[in-house]
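Let me begin by presenting the structure, written as structure tokens, before commenting on it.
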Amino acid sequence: MEMFSLTDATGCFASIEKIYEPSIRFRPVVVLSNNDGCIIAICPIAKKLGIPKFQPYFKVKHLLDKYHVVVRSSNYELYGDISDKMMSVIARFSDNTYQYSIDEAFSCFNNYEGILKDWYTYGHEMRRAVWREVRMPVGVGFGRTLTLAKAANHASKKLADSDGVAVIDDDHSRKLILQQMKLDDVWGVGKRLSQRLSLLGLKTGYDLANRSPKSIRQQFGVTLERTVEELNGVRCLSWDDVKSPKKEIFSTRSLGQRIVKFVDLRKALTTHAVKVGNKARQQHSLIKKLYIFASSSPYDERYFKKGIMYDFPRATDNICHLSSAIAQVTNTLFIEGVAYYRCGVGAIELESSDFQQQDLFIPPVNPALMNCYSLINQRFGRGTLLLASEANKEKWAMRREFLSPRYTTRWSDIPVIRC
DNA sequence: TCTGGGGTCCTAGGACCC
DNA sequence: TCTGGGGTCCTAGGACCC
């Protein structure tokens with residue numbers, strides 16, 4: 001019988017900051033988003049102090065000062081590398097693992113029952129291995145459906161008597177865990193839905209599970225109906241659903257320094273387009289439509305936003321095609337006098353590159369160049385090969401006042417042990 | 001001095017065409 | 001003369017997640 005697990009890191013980015021800086025291990029730590037905008041990660045110690053997540057940094061600064069909280073800017077180079085290490089450890093415990101986000105992974109176990117003693121023990125083995133090899137604290141949850149695995153993972157960290165592993169494998173454990181879950185802790189239920197559900201008198205995940213799926217469908221749609229089924233152990237989300245290629249790929253960013261020059265806007269947009277192109281190629285997709293936008297800040301007195309849809313005559317993942325599309329579009333996007341605060345690029349219509357419809361009148365593109373480009377950047381590191389129109393040194397680079405060293409990816413930043 | 005994340009998916013509504 | 005359905009595409013915004 002199939003079993004799923006979800007493993008995810010506790011306070012991921014904050015925990016990573018503690019790996020190479022033992023002196024802050026027992027102190028409250030928070031990590032800020034790009035541009036030091038919001039708090040996006042809090043370690044358990046900071047959480048206990050009541051530091052809120054997703055609040056603008058400057059608004060909670062007084063609180064952070066009060067408790068002497070350690071503040072770090074986000075260091076994605078470091079987080080990405082630690083995440084890779086963590087994922088490779090998790091992957092050893094199952095023959096089928098899928099990385100769901102930077103800090104969590106689903107694993108699928110087929111007919112493991114005969115081999116394993118029990119899921120609880122196995123979860124602890126996974127947990128110990130990640131701690132021993134990467135020094136990352138993780139929670140592991142097991143369930144017969146992906147939604148139950150998520151619920152168990154939540155329980156593994158949140159419940160009073162939890163020790164990092166939780167298993168839902170019968171009605172008893174299911175009831176026990178779901179009864180202690182708030183509505184918006186259920187995967188797929190956010191603030192709005194939980195508000196509406198509570199009007200019906202529902203309080204816990206278990207209340208939701210006991211609703212008739214049919215009536216939920218009528219009032220809230222199929223998505224929530226599936227969630228209800230999944231909470232009851234009926235599988236609606238298949239492994240393939242989770243692993244399916246993305247339908248949209250975006251790259252957007254706020255700018256540390258406002259852009260006022262045409263060339264700078266084009267460079268920033270090209271950089272985003274190349275990122276999107278590379279992601280698309282990785283999942284064997286070609287881009288048919290590209291949405292390109294730039295805006296001032298919504299907090300400005302006069303908010304400016306403009307977006308343009310670019311339709312490629314034939315779907316492509318070639319970064320040269322993307323770059324020339326950007327060059328054309330920037331002409332209409334750029335307006336003298338606007339101080340751009342945000343810009344980005346999104347592929348919103350993707351086609352599979354495995355089954356591509358050829359065009360009688362447009363000669364097919366030889367993929368050799370893009371293959372070679374990808375291989376070189378894989379082998380020698382991202383950014384080894386760049387388009388001339390990309391930004392290599394970003395003048396408008398984001399504000400990162402509290403950046404930690406990139407301990408594991410830069411020779412200059414390797415930790416030094418003094419005896 | 002100024003500061004407010006990033007990504008994916010879905011749907012409603014408007015514009016346009018036949 | 002006046003009224004009208006149905007499809008596609010685009011845009012904006014909501015909802016959710018991390």
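Reminder, nothing fancy here: chain letters follow the sequence lines and each chain counts from 1. No hydrogens, no waters, no symmetry mates; every other heavy atom, side chains included, goes into these values.
- Comparing dC16(C), dC18(C), dC10(B) against the side chain of Tyr100(A) picks out dC18(C) as the nearest.
- If you find the closest nucleotide of DNA chain B to Phe58(A) and to Phe250(A), the one lying nearer the 5' end belongs to Phe58(A).
- Residue Leu193(A) is classed as a sugar-phosphate contact, given heavy-atom separations below 4.0 Å to backbone atoms only.
- Look at Tyr299(A) and the base of dG4(B); the rings stack, centres closer than 5.5 Å and planes less than 30° apart.
- Distances were taken from every side-chain heavy atom of Thr252(A) (C-beta onward) to each of dC16(C), dT8(B), dG6(B); the shortest belongs to dG6(B).
- Atom CG in Leu224(A) sits about 9 Å away from atom P in dC16(C), given to the nearest Å.
- Closest to the Arg192(A) side chain, of the nucleotides dC16(C), dC10(C), dC18(C), is dC16(C).
- Seen from the ring of Phe293(A), Lys305(A) counts as a face-on cation partner, given the 6.0 Å and 45° thresholds.
- For dT11(C), neither phosphate oxygen OP1 nor OP2 lies less than 4.0 angstrom from any side-chain nitrogen or oxygen of Lys305(A).
- Looking at heavy-atom distances under 4.0 Å, Lys191(A) makes contact with sugar-phosphate atoms alone, never a base.
- Between the NZ atom of Lys53(A) and the C1' atom of dG5(B) there is a distance of 12 Å, rounded to whole Å.
- Counting non-hydrogen atoms under 4.0 angstrom, Lys61(A) reaches nothing in the nucleic acid.
- Between Arg253(A) and dG6(B), a side-chain N or O to OP1/OP2 separation shorter than 4.0 Å is present.
- Taking a centre distance below 5.5 Å and an interplanar angle below 30 degrees as the stacking criterion, Trp187(A) does not stack against the six-membered base ring of dC17(C).
- Among the atoms of the strands shown, only primed sugar atoms or phosphate atoms (P, OP1, OP2) are found under 4.0 Å from some heavy atom of Tyr341(A).
- Closest of all the heavy-atom pairs between Val276(A) and Ile287(A) is CG1-CD1, 4.0 Å.
- Among the heavy atoms of the strands lying under 4.0 Å from Ser251(A) are primed sugar atoms or P, OP1, OP2 only; no base atom is included.
- Between the P atom of dT3(B) and the CZ atom of Arg399(A) lies a distance of 8 Å, rounded to the nearest Å.
- Between Ser5(A) and Phe109(A) the shortest side-chain heavy-atom distance falls below 4.5 Å.
- Contacts of Arg342(A) with the nucleic acid, taken as non-hydrogen atoms under 4.0 Å apart, involve only primed sugar atoms and P, OP1 or OP2.
- Judged by centroid separation below 5.5 Å and plane tilt below 30°, Phe54(A) stacks onto the base of dG5(B).
- Of the candidate nucleotides dG5(B), dC16(C), dC10(C), dG5(B) has the atom lying nearest to any side-chain atom of Cys38(A).
- With rounding to whole Å, His62(A) atom NE2 is found 19 Å from dT3(B) atom P.
- Nucleotide dC17(C) holds its P atom 12 Å from the CZ atom of Phe106(A), rounded to whole Å.
- What separates CD of Glu248(A) from P of dG13(C) is a distance of 16 Å, to the nearest Å.
- Residue contacts shown for Val186(A) are limited to sugar-phosphate atoms, with no base heavy atom under 4.0 Å away.
- We find that NZ of Lys47(A) is positioned 12 Å from P of dC18(C), with the value rounded to whole Å.
- The side chain to side chain contact (heavy atoms under 4.5 Å, CB included) test with Leu265(A) singles out one residue from Ile259(A), Ile326(A), Leu255(A), and that residue is Ile259(A).
- Each of dG4(B), dG5(B), dT11(C) was ranked by its minimum atom distance to the side chain of Tyr291(A); first place goes to dT11(C).
- Counting only N and O atoms by type, the side chains of Thr409(A) and Glu77(A) include a donor and acceptor under 3.5 Å apart.
- Look at the C1' atom in both dC17(B) and dG4(C): the space between them is 14 Å, to the nearest Å.
- The side chain of Lys289(A) approaches dC9(C) more closely than any other nucleotide in the set dC9(C), dG5(B), dC18(C).
- In this structure, Glu104(A) reaches the sugar-phosphate backbone alone: every heavy-atom distance under 4.0 Å involves primed, P, OP1 or OP2 atoms, never a base.
- Shown here, dC18(C) forms a base pair with dG5(B); the pair counts as Watson-Crick or G-U wobble because both key distances fall under 3.5 Å.
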Working for salt bridge (charged side-chain N to carboxylate O under 4.0 Å, His left out), residues Lys247(A) and Glu349(A): CA-CA 7 Å; Lys247(A) 294 173 183 167; Glu349(A) 207 180 301; over 6 Å; no
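- Taking only side-chain nitrogens and oxygens, Ser33(A) never comes nearer than 4.0 Å to OP1 or OP2 of dG4(B).
- As a whole-Å value, the separation of Lys246(A) NZ from dG7(B) P is 12 Å.
- Among the protein residues, Leu32(A) comes within range of no part of the nucleic acid, since none of its heavy atoms lies under 4.0 Å from any strand.
- In this model, a donor atom of one side chain and an acceptor atom of the other lie less than 3.5 Å apart for Asn278(A) and Tyr373(A).
- Counting non-hydrogen atoms under 4.0 angstrom, Asp36(A) reaches nothing in the nucleic acid.
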